[in-house]
Q: 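Below are the structure tokens for one structure; questions will follow.
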Amino acid sequence: MERGERLFPGSRGKGLQPRTQEVLDDLGVMDAVRAAGGPYPPMMGWEDGRRLGAFEMIVRTGPTPGTPYHDIWMLPQWRTAEILYARLRELGGEVEFGAACTALTQDADGVTAHLAYADGSAEAVRAAYAVAADGGRSTVRKALGIGMAGESVDPLPRLVADIELTGLERDHWHVWQQAKGGGLSLCPLARTGLFQMLAQYDDADAVPDPAPEAVRRLIAERSHLAASDVGEVRWTSPFRVRAAMAERFREGRVFLVGDAAHIHSPAGGQGLNTSVQDAYNLGWKLGAVLRGGADPVLLDSYEEERMPVAAGVLGISTRIHRAGMEGNAKEPRRTAEVHQLGLTYRGAALAVDQRRLDESALRAGDRAPDAPCALPDGTPFRLFDAFRGPQMTVLALGDTEAPGGAEASGDTEAPGGAEPPAPNRASVRTYRVGGPAPDLLDPDGHIRDGYGDQGVFVIRPDGHVGYTADHAADHADEMAGYLTRLGT
Ligand SMILES: Cc1cc2nc3c(=O)[nH]c(=O)nc-3n(C[C@H](O)[C@H](O)[C@H](O)COP(=O)(O)OP(=O)(O)OC[C@H]3O[C@@H](n4cnc5c(N)ncnc54)[C@H](O)[C@@H]3O)c2cc1C
């Protein structure tokens, strides 16, 4: 349910990190994301109406066989929300708008959410579990009595706005770092005709004025643009930068995800991306418990896996923000640490390694890399095609047997054609690579490069390696037990 009458209108988190793009690929919306967004433009510094020159804030990298999505992709958050909402409806889901959760209680069997509707009516809704994705001021988090520990990262107020603007070309992200009163940036929002304005106020006691006329005045004061260059001001939001994390991400049958669990500086573009990963981590586990009959103890792994990630991301965005406060817009450049491709759940309870390899090898808990490969008839295929969908995937490499001696059940649809299995069916797809009857060929050795020559890997629905062994036959019972634990 959503308190607002419609989807949130602001551009806010406008950068999709490579790992989030992988998630969106898995959800089947990457074509829409590509069509609606664009790459980040280079930056352009300005002072006294003069260009200071172009520079790059991000370190751009090329794709590799293991990482097809390599750079941040710009998509205003309202568009990401629209695309995901459309996909949800396509899959039979719905969001109830105009319904605010005002209180929440729980007992041994379920959760009762008290809802207030825009027309003044109220209702109590009962569910087995609840997921609180109600933002940084989370009503649910407060109702559960979960505290938020954190700090103010920067005392200076800021104003963000989506505006129509003429007089500025759209092939750069323009910054006035030394503007009187505070820095100003105007970023063209790919394929929208709009710019996202971000203004900082040098005076910690300043109160940003979000009125359209005040936004026009501010741009005229801090840049060479005229107030009349600013057209419609679509959305504004004053904010201060804080970094904080909930003391717990779970209370009984209620889970906190996204900003309800952690809030960040926008520096480094981590907030939205971390929120997407939270939901991706939790969603399949709830499905496994509710539909697949998995032991609810599986849900304990959500907090165990996500809290350390959130803490790490908080550290990264605070560090980038504070370095930016030093006054040099060019530093620090955003490197691969913000891509979220290296996040791992190594050492957590669901990460089981029977392979004894060094730290640099792919281990249980790590993100499962992609690899271009081929079906037995030579049709190009990718491991991400194999992983796509809500099932577990078993990759059996070399001369190892498929788990339990089971017949390989590798789906062999052409790339992009793989439909997720029907709901209510927790399934395992097995792909043998090598051996006498392979399901996948590895002509260029990309699977070998990512996974090695030999071994068996269970890939979770969220694309992380869950279990590894050198030979499935040596661990058949354990591996079958592992898969049962995950609701298959
Ligand atoms: C000004 C600003 C700039 C940002 N810039 C960036 C950026 O550059 N990069 C980045 O990655 N992230 C950025 N973020 C952060 C990013 O927008 C958030 O991390 C992301 O929106 C979190 O998603 P969420 O769903 O957890 O929370 P939200 O997006 O806040 O969504 C919460 C939703 O819950 C609804 N709601 C609240 N209370 C209730 C209730 N009681 N009952 C029912 N519904 C309720 C709200 O109406 C809202 O729609 C920015 C955030 C802000 C505010």
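Just follow the structure's listing: the first ligand is 1, and inside any ligand the first atom is 1. The first residue in the sequence is number 1, and the count goes up from there. The structure presented is a predicted model; accordingly, all values stated were derived computationally and were not measured. Reckoned from all heavy atoms, side chains included, excluding hydrogens, waters and symmetry mates.
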Q: Scan residues 85-105 for pairs that pass ring pair (Phe, Tyr, Trp, His ring centres under 6.0 Å), counting only residues two or more places apart or in two chains.
A: Tyr85-Phe97
Q: Could you tell me if Arg253 sits above the aromatic ring of Tyr129, with its cationic atom closer than 6.0 Å to the ring centre and no more than 45 degrees from the axis?
A: yes
Q: Write down, by chain and number, every protein residue that brings a non-hydrogen atom to less than 4.0 Å from an atom of ligand 1.
A: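 Within 4.0 Å of ligand 1, protein side: Glu2, Arg3, Arg12, Gly13, Gln77, Ala99, Ala100, Cys101, Ala133, Asp134, Gly135, Thr139, Val160, Phe239, Gly258, Asp259, Pro266, Gly269, Gln270, Gly271, Leu272, Asn273, Ser275.
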Q: If I take atom OG from residue Ser237 and atom CZ from residue Arg158, how far apart are they, to the nearest 0.5 angstrom?
A: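 The CZ atom of Arg158 is 12.5 Å from OG of Ser237, to the nearest 0.5 Å.
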Q: Applying the side chain to side chain contact (heavy atoms under 4.5 Å, CB included) test to Leu343, which of Asp366, Thr274, Val309 qualifies?
A: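 So the option named by the test is Val309.
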Q: Taking salt bridge (Lys or Arg N to Asp or Glu O under 4.0 Å) as the cut-off, I'd like each qualifying pair that reaches into residues 10-25, sequence neighbours left out, listed once.
A: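 As it turns out, the salt bridge (Lys or Arg N to Asp or Glu O under 4.0 Å) pairs with a partner in residues 10-25, which skip direct neighbours, are Arg19-Glu22, Glu22-Arg367, Asp25-Arg388.
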Q: With sequence neighbours left out, which residue pairs that include part of residues 141-152 fulfil the salt bridge (Lys or Arg N to Asp or Glu O under 4.0 Å) condition?
A: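 Matches after skipping sequence neighbours: Glu151-Arg322.
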